[in-house]
There are 2 protein chains.
Amino acid sequence: MKHALNQKPDYEKELRKAGVRITRPRRIILDILTSTEDHPDAMKIFHRAIEIDDSISLSTVYRTMNLLEEMGAIHRHAFNGGPSRFEQAHGEHHDHLIDVDTGDVIEFQSDKIEKLQEEIARALGYDIIHHRLELYGRKSKRPE
Amino acid sequence: MKHALNQKPDYEKELRKAGVRITRPRRIILDILTSTEDHPDAMKIFHRAIEIDDSISLSTVYRTMNLLEEMGAIHRHAFNGGPSRFEQAHGEHHDHLIDVDTGDVIEFQSDKIEKLQEEIARALGYDIIHHRLELYGRKSKRPE
DNA sequence: AATGCAAATGCGAATGATTTGCAAAAAGAA
DNA sequence: TTCTTTTTGCAAATCATTCGCATTTGCATT
């Protein structure tokens, strides 16, 4: 099992290649996304954005998130049924451990679990398209 | 890995014990919940309910779902970020495989995966409160 | 640098899921 | 049956998200 860490891919090139325009709002939103370690929701992204340019609208944040999601540049999560939270789709697939007290998200990856999931789906006669594994936990008192 | 199947616990007793009143709407909603194999959302439960008594309101369905969830009698899921879907909290814990084409939900349970999750959480310094594992898949062409 | 046009934006109104306030109705104890 | 408290139905409010549309902007082309 391993931790995942962020890196900064060049999304502007990808956007151009996809035939969409590089606008000021998009540049700012991408900047926020690539320079954060957390998993912000649309409102949080919006607030960070208007600090840089207060003319950006919430609709544009939502539209940009949808665009980036379709391009596969970000992933969308709905932890606990709350509002969508986003993260850039960097590197390998990973799952999430959510701290129920703070809302913090820790990323992890386990090949063993992935393998088991495949086996289970196969046994039930299905091919996995995607999956979601979320552990909701609390910092343990005892030392590890 | 095993399938889970439903049974009918007696919720009226539990409700009484929790000090809440047994009303006609509640009886009807509980009946719907205990006699279905699927994972209906509030609107679906509402429609099934008004077929039995057309005076039942949607608010009451929502209020009852919240009540039952707090009592631990049902579980709430937000597959794919859609509206909440419910199921009675019968027997053992289980996870879900969602058919992306039909929306059907298949329940399964794997001790191996549960164990791995515990290990991972422990390694990260957390105790698991609850977790969510959803496989989104499509019926495979090849025979099993 | 000026032009033209499709794509993107900001705004506010619309939508869908869910919750809430409140007066009227029903449950259960006395 | 009566009394007290809980629950209900209804409509309005809330929250996250999307949509319509007039206006602005990116950018390919003069």
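The sequence lines fix the lettering, A, B, ..., with proteins before strands; numbering per chain opens at 1. Because only heavy atoms are used, hydrogens play no part in the values below, and waters and symmetry mates are left out as well, while side chains stay in.
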Query raised in the report: In Å, rounded to the nearest 0.5 Å, how long is the span from CD1 of B:Ile32 to CZ of B:Phe86?
Result: 12.5 Å
**Report entry** With sequence neighbours excluded, residues passing ring-ring contact (aromatic ring centres under 6.0 Å, His included) with B:His130
**Finding:** A:Tyr136
Query raised in the report: Using 4.0 Å as the upper bound for N to carboxylate O, is an ion pair formed by A:Lys112 and A:Glu114?
Result: no
Report summary line: Value for OG1 (B:Thr23) from CG (B:Leu30), rounded to nearest 0.5 Å, stands at 9.0 Å
Query raised in the report: Along DNA chain C, 5' to 3', what are the outermost nucleotides having an atom less than 4.0 Å from a heavy atom of chain A?
Result: C:dA6 to C:dG12
Query raised in the report: Excluding sequence neighbours, so at least two apart, what forms ring-ring contact (aromatic ring centres under 6.0 Å, His included) with A:His77?
Result: A:Phe79, A:His96
N/O donor-acceptor pairs under 3.5 Å from side chains in residues 60-75 of chain A, not counting sequence neighbours:
residue, atom, partner, partner atom, Å
A:Thr60, OG1, A:Ser57, OG, 3.2
A:Thr64, OG1, A:Thr60, O, 2.7
A:Asn66, OD1, A:Arg76, NH2, 2.7
A:Glu69, OE1, A:Arg76, NE, 3.0
A:Glu69, OE1, A:Arg76, NH2, 3.0
A:Glu69, OE2, A:Arg76, NE, 3.2

Query raised in the report: Hey, is B:Arg16 close enough to B:Glu14 for a salt bridge, meaning N to O under 4.0 Å?
Result: no
Query raised in the report: Among residues 61-81 of chain A, which residues get a heavy atom nearer than 4.0 Å to DNA chain D?
Result: A:Tyr62, A:Arg63, A:Asn66
Query raised in the report: When rounded to the nearest 0.5 angstrom, what distance separates CZ in B:Arg122 from CD in B:Gln117?
Result: 12.5 Å
**Report entry** Under the salt bridge (charged side-chain N to carboxylate O under 4.0 Å, His left out) test, residues paired with B:Asp101 that sit two or more places apart
**Finding:** B:Arg138
Query raised in the report: Roughly, in whole Å, what's the span from CG in B:Leu15 to C1' in D:dT7?
Result: 13 Å
Requested in this report: Specify the closest pair of heavy atoms between B:Gly81 and A:Ala78, including all atoms of both residues, with the distance to one decimal.
Outcome: CA-CB, 4.4 Å
Requested in this report: Check each residue of residues 43-51 of chain A for a non-hydrogen atom within less than 4.0 Å of any atom in DNA chain D, then write out the ones that pass by number, or none.
Outcome: none
**Report entry** Given DNA chain C, 5'-ward residue of the pair B:Pro83 and A:Leu58, judged by closest heavy atom
**Finding:** A:Leu58
Query raised in the report: Does A:Phe108 share a hydrophobic cluster with B:Ile128, counting links as ILVMFWY side-chain heavy atoms below 4.5 Å and allowing steps through other members?
Result: yes
Query - A:Arg85 CZ - D:dA16 P separation (whole Å) - result: 13 Å
Query raised in the report: What distance do B:Gln109 atom CD and B:Asp95 atom CG have between them, rounded to the nearest 0.5 Å?
Result: 7.5 Å
Query - Selection residues 18-29 of chain B - residue pairs positive for salt bridge (charged side-chain N to carboxylate O under 4.0 Å, His left out), sequence neighbours left out - result: B:Glu12-B:Arg27, B:Arg24-B:Asp53
Query raised in the report: What is the distance from CG of B:Asp54 to P of D:dT8, rounded to the nearest Å?
Result: 16 Å
Report task. Would you please name every residue forming a salt bridge (charged side-chain N to carboxylate O under 4.0 Å, His left out) with B:Arg48, sequence neighbours left out? Result -> B:Asp38
**Report entry** Dot-bracket encoding of pairs in DNA chain C, which uses [ ] for pseudoknotted crossings and | for another strand, Watson-Crick or G-U under 3.5 angstrom
**Finding:** ||||||||||||||||||||||||||||||
**Report entry** Partner residues of A:His93 under the ring-ring contact (aromatic ring centres under 6.0 Å, His included) criterion, sequence neighbours left out
**Finding:** A:His131
Query raised in the report: For DNA chain D, what residues of residues 21-29 of chain B have any heavy atom nearer than 4.0 Å?
Result: B:Arg21, B:Thr23, B:Pro25, B:Arg26
